[in-house]
A.B. asks: 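Okay, here's the structure, questions in a sec.
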Amino acid sequence: MSSPPTSPEPPADLDAFREDTRRWLADACPQSMRGPVPPGEGLNWGGSDQADQSEDSRLWLTRMAEQGFTLPEWPVEYGGGGLNRAEAKILRQELKALRARPALTGVGQLLLGPVLLEVGSETQKLEHLPKIARGQVRWCQGYSEPGAGSDLASLQCRAEDQGHHYLVNGSKLWTSYADRADWIFCLVRTDPDAKKHDGIGFLLIDMKSPGISTSKIRLISGESPFCETFFENVTVPKAQMLGEPTGGWGIAKKLLQYERSAAASLGGSSAVGGGSMLELAKEVVGLQHGTLADPELRLRIAQLKMDQSAMALSARRVGEEKREGTVGGTGAILKYVGTELNKKRYEVLMSILGTQGLGWDGSEYKPRDLATTRAWLRSKANSIEGGTSEIQLNIIAKRVLGMPD
Amino acid sequence: MSSPPTSPEPPADLDAFREDTRRWLADACPQSMRGPVPPGEGLNWGGSDQADQSEDSRLWLTRMAEQGFTLPEWPVEYGGGGLNRAEAKILRQELKALRARPALTGVGQLLLGPVLLEVGSETQKLEHLPKIARGQVRWCQGYSEPGAGSDLASLQCRAEDQGHHYLVNGSKLWTSYADRADWIFCLVRTDPDAKKHDGIGFLLIDMKSPGISTSKIRLISGESPFCETFFENVTVPKAQMLGEPTGGWGIAKKLLQYERSAAASLGGSSAVGGGSMLELAKEVVGLQHGTLADPELRLRIAQLKMDQSAMALSARRVGEEKREGTVGGTGAILKYVGTELNKKRYEVLMSILGTQGLGWDGSEYKPRDLATTRAWLRSKANSIEGGTSEIQLNIIAKRVLGMPD
Amino acid sequence: MALVLTETQTEFRRSVRALLHANSPVSEHRRLRNEADPDGLSRKLWRQMATLGCLGLDTDPDDTGDSTGTESELGGMAELGLVLEQCGRQLAATPMISCILLSSRLLTELGTKRQRALLTEVATGDLLIATAYQEGSRHNPEHVDTVAQLLGDQLSLSGEKRFVIDGHIADWLLVSANIEGLSEPSLGILLVKADSPGVDLTRTTLIDGRNSATVRLNDVKLPRNAVLGDVSPPPHHATVLEEVLARAALAQAAEMMGIAAELFERTQEHLRTREQFGQKLASFQALKHRMAHWYIELELSRSVLMDANSGVDEGRDDWMSLAHHGKARLGRLCSLATAEAVQLHGGIGVTDESDIGLFLKRAKVAELTLGDSSFHTDAYARRLGI
Amino acid sequence: MALVLTETQTEFRRSVRALLHANSPVSEHRRLRNEADPDGLSRKLWRQMATLGCLGLDTDPDDTGDSTGTESELGGMAELGLVLEQCGRQLAATPMISCILLSSRLLTELGTKRQRALLTEVATGDLLIATAYQEGSRHNPEHVDTVAQLLGDQLSLSGEKRFVIDGHIADWLLVSANIEGLSEPSLGILLVKADSPGVDLTRTTLIDGRNSATVRLNDVKLPRNAVLGDVSPPPHHATVLEEVLARAALAQAAEMMGIAAELFERTQEHLRTREQFGQKLASFQALKHRMAHWYIELELSRSVLMDANSGVDEGRDDWMSLAHHGKARLGRLCSLATAEAVQLHGGIGVTDESDIGLFLKRAKVAELTLGDSSFHTDAYARRLGI
C-alpha cells in the first residue's frame with residue numbers, strides 16, 4: 001500500500017484550486033481506478049461489506065472521503081467538501097480528465113443524502129450524513145410492497161407507535177442490495193385510519209435490528225440486486241423518523257424525483273461491448289448494394305438512431321432550460337422516452353444478433369452476445385421500475401397538459 | 001324503349017328457377033346496367049327524385065321491383081319476392097354472372113326495411129315496406145345531432161306528445177341525402193325526464209311536412225351527401241311512431257348493427273381506378289435491383305397487403321362461424337379494422353402518388369389521381385361515422401373481453 | 001377454405017390439449033430448465049404424442065405404417081397447427097419443428113424408399129432426426145458453405161452448422177451442402193448418422209431452456225447414396241428445402257399463436273383481479289384500449305393462420321406467400337404480446353418466479369427461428385413483385 | 001449548441017407572430033382559397049414580412065442592402081425556422097420556401113455579382129423567383145431530363161418541370177438542367193425569365209389552396225451566362241443543389257412543427273371543452289395517454305429541429321444528417337398530429353367548416369414537399385453508412 005498523498009491547500013483562487021486538485025488526484029487515484037469499470041467489477045457502494053471491492057477501490061474511497069470529495073458540495077460538518085459550485089465543477093472536470101471512476105456510489109449518496117440535508121433534524125444530519133459521505137454506511141430503500149405496484153401509497157407495512165419506539169411489521173419488495181446494506185429507509189404506515197397519503201412516515205432503520213430478514217429476487221435476466229425484505233416486530237427508536245410521522249409521502253416524492261432523473265439517463269448510449277450498433281449490424285447482417293442487407297432492420301436502426309438523438313437533445317434542452325430559468329414540460333417526458341427507447345434499442349440489437357443472441361450460456365456464444373441478451377431481458381423492467389410508463393403518461397397528461405382526472 | 005319482358009313462371013324446382021331467372025334477367029337488364037358503375041353515375045336510391053338517373057336505370061328498377069327482386073326474400077304482401085333462401089342465392093348468382101348493378105339501394109332497403117319487418121305494426125309494414133321495395137320512397141336517417149358526437153343517447157331533438165300528434169323541434173346532423181329524401185326516420189326525445197336511453201322514440205317523418213328544412217354539409221373532400229336537417233314545430237301523426245314511444249333506443253341499436261356490418265366491408269379492396277396499387281407503385285416509384293425503389297414504402301405496401309388479407313379473411317371467418325353457429329368475438333373487430341385499414345390504404349396511395357396526389361383540380365392531374373386524393377380525404381371520416389374507433393374499442397373491451405366500466 | 005374447425009379437428013385439439021395439460025404444464029418446462037435436463041425435453045411426452053398420431057401428421061401413411069394411430073381424416077398443416085398452438089400455450093418442449101416439420105418432411109419429399117424407412121421409427125417417437133441448414137447467425141438458407149466433395153463413390157462432408165434445433169439429441173442429421181465433383185456444383189440434403197466419425201456436436205442452451213447444437217463436420221465420410229433421393233445431381237433440393245422451411249415457419253407461427261393467446265388470457269386475468277388506486281386494473285380505459293388492440297391482432301392472426309394452413313393443405317398456388325405472411329405477422333404479434341404482457345403484469349412480470357418471462361423467452365426464440373418478421377416480409381414483398 | 005432561444009430570437013418570434021396574427025389569420029387562408037385568388041397568397045403580407053427582415057435571412061447582407069431592415073444578430077436557419085413555424089401555426093401562405101430558402105440561397109451560393117443583384121428586389125418583396133428542380137412526381141433531384149444545349153454562346157433549354165412551388169407568380173425561374181455541349185455533360189442551374197419565349201407556365205391548384213406550376217420549356221434561348229456563376233462547366237452545382245434542398249427541407253420541417261403544435265393546442269382545447277357521456281373528453285384515460293404520446297413527439301421534434309438549425313448555422317459536419325432527421329421526423333409527427341386531430345375532433349373535424357381540415361391538407365403538401373419521411377430516412381441511413 002502506497003503512503004497517503006498530502007492534502008491540497010485550501011483553494012486561493014480557481015486556477016490554483018484546479019492545479020492543486022489535479023496534482024492531488026494524480027497522486028491519490030490508483031491506476032486501477034482509472035478507465036471504465038471492467039465487467040465483473042462494480043463501483044464501491046460503501047458500507048461495512050467491502051468484500052467485493054479491491055484494495056485500490058477501498059483506498060480510493062478512503063482518500064476521497066478524507067477530502068470530502070465524495071460529496072464535494074456538502075458542508076464540511078456533514079462530511080462534505082464544502083466546495084462552491086465552481087470548485088465542484090473543476091473537481092468533476094479533473095476527475096473526468098483522469099477518467100477516474102466514482103469513489104463512491106449508492107442510494108445513500110444519491111437519494112437519501114440530499115433529502116436528509118433538506119428535511120432532517122440537526123441530530124439526524126450529524127448522525128447519518130458523515131457516514132454516508134465517508135461510505136461507512138450503505139443504505140437501501142424500502143418503498144414498494146408486494147401487491148402495491150404503481151399505487152405506492154397503498155402500502156401496508158406498519159409502524160405502530162409504542163411510546164418510545166415504533167414496532168414495524170410488514171415487507172418491502174424491490175429493496176436493491178438489502179442483503180448487503182447497513183441501513184434501510186422505509187415508507188411505513190403510521191396511521192391506518194388517515195387517508196392513504198396522509199398516514200405514512202419515512203423511517204430510517206438499522207438492518208441489524210432483530211426481526212429483519214431478506215431474500216433475493218431472481219429476475220428473468222438472472223441474478224439481480226433486488227431483495228424482498230421482511231420486518232417482524234422490529235423495534236425502531238422514534239428519533240429515526242424523518243420529518244413528521246405522517247409526512248412521509250412528501251419526503252418520498254422529493255426522493256422519487258432524484259430517482260427518475262437518474263433513470264432517464266438510460267437509452268442515450270448505443271455502445272454494445274466493444275463496437276457500436278452500426279458496426280455490429282454491418283458485421284453480422286452485411287451490406288448489399290451498399291445498404292444493409294435487411295431493409296426493414298436498416299430502417300429500424302435508422303429510426304432508433306434518430307430517436308436516441310432526439311432523446312439526448314431533449315435531455316440537454318431540459319438542462320439548458322433549467323439554467324435559463326425557462327422550464328417547460330419537457331422534463332416530464334424523459335423517464336418515459338429514455339426507458340422505452342432503451343427497450344427498443346435492445347430489441348433492435350436482438351434482431352441484429354439473430355440466433356446468436358438466443359444463448360443463455362455456454363462456449364458457443366461470445367461474451368458480448370450473452371451480455372447483450374441478458375441486458376435485453378433486464379431492459380424489460382426499465383419501464384416498470386421508478387414509475388411505470390403508464391404513470392409517466394398520466395403525469396404528463398395531468399401536470400403538463402392539465403387534463404382532469 | 002324496349003317492350004317489357006314476360007314474367008318468369010313460378011319456380012317448379014331450383015334448376016328451373018335458375019333457368020327462368022337467367023332468361024328473364026338477360027332480357028330485363030339493360031346493357032347499360034351491366035358492369036361497374038361509371039364515375040359520375042350513381043346507383044338508384046329510389047324515391048321521387050329520379051333526376052340523376054338514366055332512363056335505363058329507372059326501367060331496370062321498375063322491372064326488378066315488379067318481380068319483387070329488389071328485396072327477394074321479403075314476403076310478397078310487403079313488395080318482396082317471397083323467395084326462399086336457396087332461390088335468393090340463385091338470383092344473386094345470376095345477377096352477378098350478368099354483372100348487373102343493383103337495381104335499388106339506400107337506407108330504406110338496407111337498414112329501415114329489416115327493422116320495420118321486425119318491429120313495425122302491420123299497418124306500418126303495409127304502408128311503408130311496399131314503397132321501399134318498389135323504390136317509390138327514398139329514406140334518410142336522423143340519428144346524430146350537433147354536439148352529441150359518439151354519445152348518441154344524449155340527443156336533444158324533442159317530440160312532444162300533443163294528443164293526436166307529436167310536435168318535433170330540433171336538428172339532426174349527418175343526415176345523408178336529406179335534401180333528396182322523401183321520408184326520414186329519426187330518434188327523438190319523447191320523455192326528457194327519463195334516463196337518457198329510456199326517453200327516446202323512433203319516429204317516421206314525411207320530409208314534405210311543414211317546418212322541415214335542410215342544408216348541405218361540405219366535407220374536407222368537397223361536396224358530400226350529408227345534410228343538417230332542421231325541425232321547427234313539425235307535426236307528426238302518432239301512428240308514425242315505430243314501437244313504443246320510449247323504446248326507440250332498442251330499435252336504434254338493431255339498426256346500427258346493420259350499418260356497422262356495411263361499413264366493415266370497406267378496406268378490403270385495393271383497386272384504384274383502373275390498375276392495382278402494386279401496378280401503380282411500380283409505375284410511379286419504379287424498381288431498383290428488382291425491388292421497389294423506395295424501401296420504406298415497399299414495406300408499408302407489403303404490410304398493407306397483409307393487413308387487407310387478414311381483414312378479408314376475418315370477415316369471411318365471421319361469416320363461416322355464423323353459419324356454423326360458433327360465433328365468437330371476431331365480428332366486433334371488423335368495423336374498427338376495416339375503417340382504420342381504409343385510412344391506411346389511402347395514406348399509402350398518397351405516398352405512392354407523391355406530389356401528383358396533391359392536386360385539388362385542374363388539367364395537370366389525372367382524373368385517377370384527383371379521385372384518389374378526394375377519396376383519401378373522405379376516408380378520414382371512416383373511423384368517425386357509424387361508431388367511432390374509440391367506441392369500437394370500448395365495445396370490444398366491454399362486450400368481448402368483459403372488462404368492467 | 002376452412003376458417004372454422006371441423007368436428008374431427010375440434011376433437012383432436014381437445015385430445016392434444018388434455019395430453020399436454022396433464023403431462024406438460026408450464027411447471028414441467030420450468031423443471032426441465034432448472035434441472036438442466038440433458039435432453040431438455042421429455043421423451044415420454046414425445047411417445048405419448050406419437051400415440052395420439054401427432055408425429056405422423058406430416059408424412060405419408062405408407063411410410064409410417066398403422067402403428068402410429070394416425071386417423072385417415074387427420075394429417076396436414078391444419079392439424080400440425082393445432083398441435084403446435086397447444087405446445088405454445090403450455091410451453092411444451094417437443095421436437096415437432098425439428099424432427100417432424102423439417103426432417104420428416106424432407107425425407108418424405110426427397111428420400112428414397114430405403115431412406116424413408118427411418119420414418120416408421122420417427123413416427124413412434126423412438127428416433128429423432130434434426131435438420132442442419134443454418135450457417136450464420138441469421139436465417140438465410142441460401143448461404144451454404146458446407147461442402148460435400150464427391151470422390152468416386154464416396155462423399156466427404158465438411159462445414160459448420162449453427163442453431164441446429166434439437167441437434168444435441170438427434171440420432172440422425174439432415175445436412176444441406178454444396179455437392180462438388182458433379183458436372184456442376186449443386187445443393188443437396190445429406191443424411192448423416194449423428195455419431196459418424198468427424199461429426200462434432202456441441203450442445204448450446206438457449207434462453208428458453210431448450211437446446212440447439214453447433215454441428216462441426218470434419219471430413220465426414222459418407223456413401224454416395226447419403227444424398228436424399230440418391231440422385232446426382234439433385235437440382236430441386238434447394239427449392240424443396242425452401243418450401244419445407246416455409247412450411248416449418250408456418251408451424252412455428254402456430255406455436256407463436258398459442259404463446260400470444262396464452263399471454264393474452266393471463267394478462268386479462270391479471271387485470272381483472274389486480275387492483276390499483278382503488279379500482280380493478282381492467283377498468284382503466286387506457287388499458288382497455290390496449291387490450292382491445294391486442295385482441296384485434298390476435299383475431300386477425302388467427303384468421304391468417306387458418307387460411308395459410310388450408311392453403312398449404314389444398315396446395316393453393318399462393319401458399320408460400322401465405323406462409324410468409326403467417327410467420328411475419330406472428331412475429332409482430334409476439335412482439336406486441338410479450339411487451340404488453342410484461343408491462344401490464346408490472347414488477348412481478350420481470351421476476352423469474354412468474355411464468356410470463358418463460359413465454360417472453362420462448363417467443364423470442366420462436367421469432368428468430370426459421371426467419372424473423374423482417375425476413376418474411378421481404379419474401380412476401382418479393383412475391384408481390386415489388 | 002443553442003436549445004433555448006436567445007432574447008433577440010424570442011423578440012423576433014414575437015414580432016413575426018404579431019404580424020401574422022394581425023394580417024394572416026387562418027380565415028385569410030380560407031378566403032384566398034375560396035376566392036381562388038389569382039396569386040394564392042398575399043403580396044401585401046409578403047412586403048410586410050420584408051419590412052421585418054424575414055426575406056433577407058438567408059442571404060448575404062451585402063447583396064440585399066440595408067433597406068431590408070435585417071438586424072445583424074439575426075440571419076440563419078434558427079430565425080428562418082421561427083418564421084416558418086409561425087407560418088405553419090397560422091397557415092400563412094408565403095413564398096418563403098420557394099423564393100427565399102431555395103432561390104435566394106441558390107443565387108447566394110452560386111450566382112455571380114450581376115446575378116445576385118436580383119436579391120435586393122427579392123429582399124424587399126418586389127421580385128419573386130421560383131426554383132424548378134422536380135421532374136417526376138416524387139422528390140428525386142438527381143432525376144433531370146431537362147437539357148440545356150450549348151450552341152456557340154447560346155443555350156437552348158428544353159424540358160418539363162413539375163411541382164414548381166409558386167411558379168405561377170414567379171418573375172424569374174431557376175432551372176436545373178443537364179448542360180450539353182461542354183467537354184462532359186454536367187448539371188447546372190440556369191436563371192430564366194419567366195416570360196421568356198418558349199416558357200410555358202401552367203398553374204396547378206393544390207389541396208391546400210396554394211399553387212405550384214408545371215413549367216414546360218421548349219427551346220428557350222438563353223445567353224451562356226444564364227448559368228449561375230457564369231462558369232463552364234459548373235461541377236459543384238449538383239452538390240450545392242442537394243445542400244440547398246436539404247436546408248429548405250429543414251425549413252419546411254419547421255413549418256410542419258408549427259402545424260403540429262397548433263393542431264395539438266386546438267385538440268387539447270377541444271377535449272377540455274367538449275363533453276360526452278357526462279364527462280369532459282379530456283378526462284378519458286385513453287385520450288389522455290394519446291395526448292401524452294403526441295406531446296412527447298412534439299417535444300422530441302422541437303429538440304431535434306432546434307439542434308438541426310444550430311447545426312446548419314454553425315456549419316457542423318453532420319448538418320445534412322440533422323436536416324434529414326428533421327424532415328423525416330416532422331413528416332411522421334404530422335402524420336400523427338393530423339390523424340389524431342381529425343379523429344379526436346370527431347365529425348366536425350372532417351367538415352370543411354372546421355379549420356382542422358385546412359391543416360390536414362397543408363400538412364400533406366408539406367410532407368411530400370422536398371422529400372417525404374421515407375426519402376429522408378433513407379438519406380439519413382446512408383449517412384450512417386448502412
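Residue numbers begin at 1 in each chain, while the letters A, B, ... track the order of the sequences. These numbers were taken from a predicted model, which means no experiment stands behind them.
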A.B. asks: Mind checking whether W376(B) and L360(D) have side chains closer than 4.5 Å, heavy atoms only?
C.D. replies: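 Yes; the side chains approach each other to less than 4.5 Å.
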A.B. asks: Salt bridge check, E364(B) against R216(D): does any charged N sit closer than 4.0 Å to a carboxylate O?
C.D. replies: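 Yes, R216(D) and E364(B) are salt-bridged.
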A.B. asks: Below 4.5 Å, heavy-atom pairs only: which of T388(B), I217(B), I352(B) has the largest tally toward chain D?
C.D. replies: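 Highest number of heavy-atom pairs under 4.5 Å: I352(B).
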A.B. asks: Give, as side chain, backbone, both or neither, the part of Y365(B) having an atom under 4.5 angstrom from any heavy atom of chain D.
C.D. replies: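 Answer is side chain: those atoms of Y365(B) sit under 4.5 Å from chain D.
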A.B. asks: Under a 4.5 Å cut-off applied to non-hydrogen side-chain atoms, are L353(B) and S137(D) in contact?
C.D. replies: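 Answer no - side chains too far apart.
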A.B. asks: Let's test your reading of the structure: which of E275(D), R162(D), H139(D), E367(D) forms the most heavy-atom pairs below 4.5 Å with chain B?
C.D. replies: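 Of the candidates given, the most pairs with chain B belong to R162(D).
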A.B. asks: Would Q276(D) and E390(B) satisfy side-chain contact (heavy atoms from CB on, under 4.5 Å), going step by step from the backbone distance to the final call?
C.D. replies: CA-CA 12 Å; Q276(D) 223 155 72; E390(B) 290 72 25; over 6 Å; no
A.B. asks: Go through it in stages, so that I can follow the logic: the residues are T355(B) and V365(D), the test is side-chain contact (heavy atoms from CB on, under 4.5 Å), and I'd like the CA-CA distance, side-chain angles, deciding distance and then a yes or no.
C.D. replies: CA-CA 8 Å; T355(B) 53; V365(D) 175; over 6 Å; no
A.B. asks: Count the heavy-atom pairs under 4.5 Å between each of P146(B), G357(B), S150(B), A293(B) and chain D, then report the option with the highest count.
C.D. replies: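 Ranked by contacts with chain D, first place is S150(B).
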A.B. asks: Can you find a heavy atom in the side chain of T204(D) that is under 4.5 Å from one in the side chain of D361(B)?
C.D. replies: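 A side-chain contact is absent here, since even the closest heavy-atom pair is not under 4.5 Å.
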A.B. asks: With no hydrogens and no angle check, is any side-chain donor or acceptor of K361(D) less than 3.5 Å from a backbone partner on I220(B)?
C.D. replies: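 Yes, because the side chain of K361(D) sits within donor-acceptor range (under 3.5 Å) of the backbone of I220(B).
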A.B. asks: Hey, is R332(D) close enough to E296(B) for a salt bridge, meaning N to O under 4.0 Å?
C.D. replies: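 Here R332(D) pairs with E296(B) in a salt bridge, since their nearest N and O are under 4.0 Å apart.
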A.B. asks: Under a 4.5 Å heavy-atom cutoff, which of F277(D), F284(D), F163(D) has the most pairs with chain B?
C.D. replies: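 Answer, by heavy-atom pair count under 4.5 Å with chain B: F277(D).
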A.B. asks: Take atom NZ of K216(B) as the centre, draw a 6.0 Å sphere, and report whether it contains more than 12 heavy atoms from other residues, nucleotides or ligands.
C.D. replies: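 Count over threshold, so yes.
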A.B. asks: Heavy-atom distances under 4.5 Å only: say whether I356(D) touches chain B with side chain, backbone, both or neither.
C.D. replies: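 Answer is neither: I356(D) stays 4.5 Å or more from chain B.
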A.B. asks: Taking the side chain as every heavy atom from C-beta outward, state whether L297(B) and R138(D) have any pair of such atoms under 4.5 Å apart.
C.D. replies: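 In short, these two side chains touch, coming nearer than 4.5 Å.
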A.B. asks: Do other residues, nucleotides or ligands put more than 12 heavy atoms under 6.0 Å from the CD atom of E142(D)?
C.D. replies: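 Open: at most 12 neighbouring heavy atoms sit under 6.0 Å from CD of E142(D).
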A.B. asks: Can you tell which part of S224(B) gets under 4.5 Å to a heavy atom of chain D, answering side chain, backbone, both or neither?
C.D. replies: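 S224(B) has no heavy atom closer than 4.5 Å to chain D.
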A.B. asks: Quick one: what part of S374(D) sits under 4.5 Å from any heavy atom of chain B, side chain, backbone, both or neither?
C.D. replies: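 Backbone plus side chain of S374(D), per the 4.5 Å heavy-atom cut-off to chain B.
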A.B. asks: If you count heavy-atom pairs under 4.5 Å between each of T205(D), D378(D), V350(D) and chain B, which one has the most?
C.D. replies: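 Ranked by heavy-atom pairs under 4.5 Å with chain B, first place is V350(D).
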A.B. asks: Please determine, by modelled atom types, if S383(B) and Q343(D) share a side-chain donor-acceptor pair under 3.5 angstrom.
C.D. replies: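 Yes, side-chain donor-acceptor contact under 3.5 Å.
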A.B. asks: Taking the side chain as everything from C-beta on, heavy atoms only, tell me whether T351(D) gets closer than 4.5 Å to R218(B).
C.D. replies: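 Side chain of T351(D) against side chain of R218(B), heavy atoms only: no contact under 4.5 Å found.
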A.B. asks: Against chain B, label R210(D) side chain, backbone, both or neither, depending on which of its atoms sit under 4.5 Å from a heavy atom there.
C.D. replies: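 Answer is neither: R210(D) stays 4.5 Å or more from chain B.
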A.B. asks: Hey, could you give me the CG/CE distance between D372(D) and M350(B), rounded to the nearest 0.5 Å?
C.D. replies: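 Rounded to the nearest 0.5 Å, the CG-CE separation comes out at 11.5 Å.
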A.B. asks: What's the shortest heavy-atom distance between I207(D) and T373(B), and which atoms?
C.D. replies: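 What the structure gives for the nearest pair is CG2-CG2, 3.6 Å.
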A.B. asks: Would you say K398(B) has more than 12 foreign heavy atoms packed within less than 6.0 Å of its NZ?
C.D. replies: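 It does not: K398(B) NZ has 12 such atoms or fewer within range.
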A.B. asks: Quick check for you: to the nearest 0.5 Å, what is the distance between L368(D) atom CG and L358(B) atom CG?
C.D. replies: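 So the gap between those two atoms works out to 5.0 Å.
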A.B. asks: With chain D as the partner, which of L377(B), D369(B), N394(B), L393(B) has the greatest number of non-hydrogen pairs under 4.5 Å?
C.D. replies: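 The candidate making the most pairs under 4.5 Å is L377(B).
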A.B. asks: Name the region of A148(B), side chain, backbone, both or neither, that has any atom closer than 4.5 Å to a heavy atom of chain D.
C.D. replies: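 Just the backbone, heavy atoms under 4.5 Å.
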A.B. asks: Atom CZ of residue position R378(B) - does it have more than 12 heavy atoms of other residues, nucleotides or ligands inside 6.0 Å?
C.D. replies: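 Buried by this count: over 12 neighbours within 6.0 Å.
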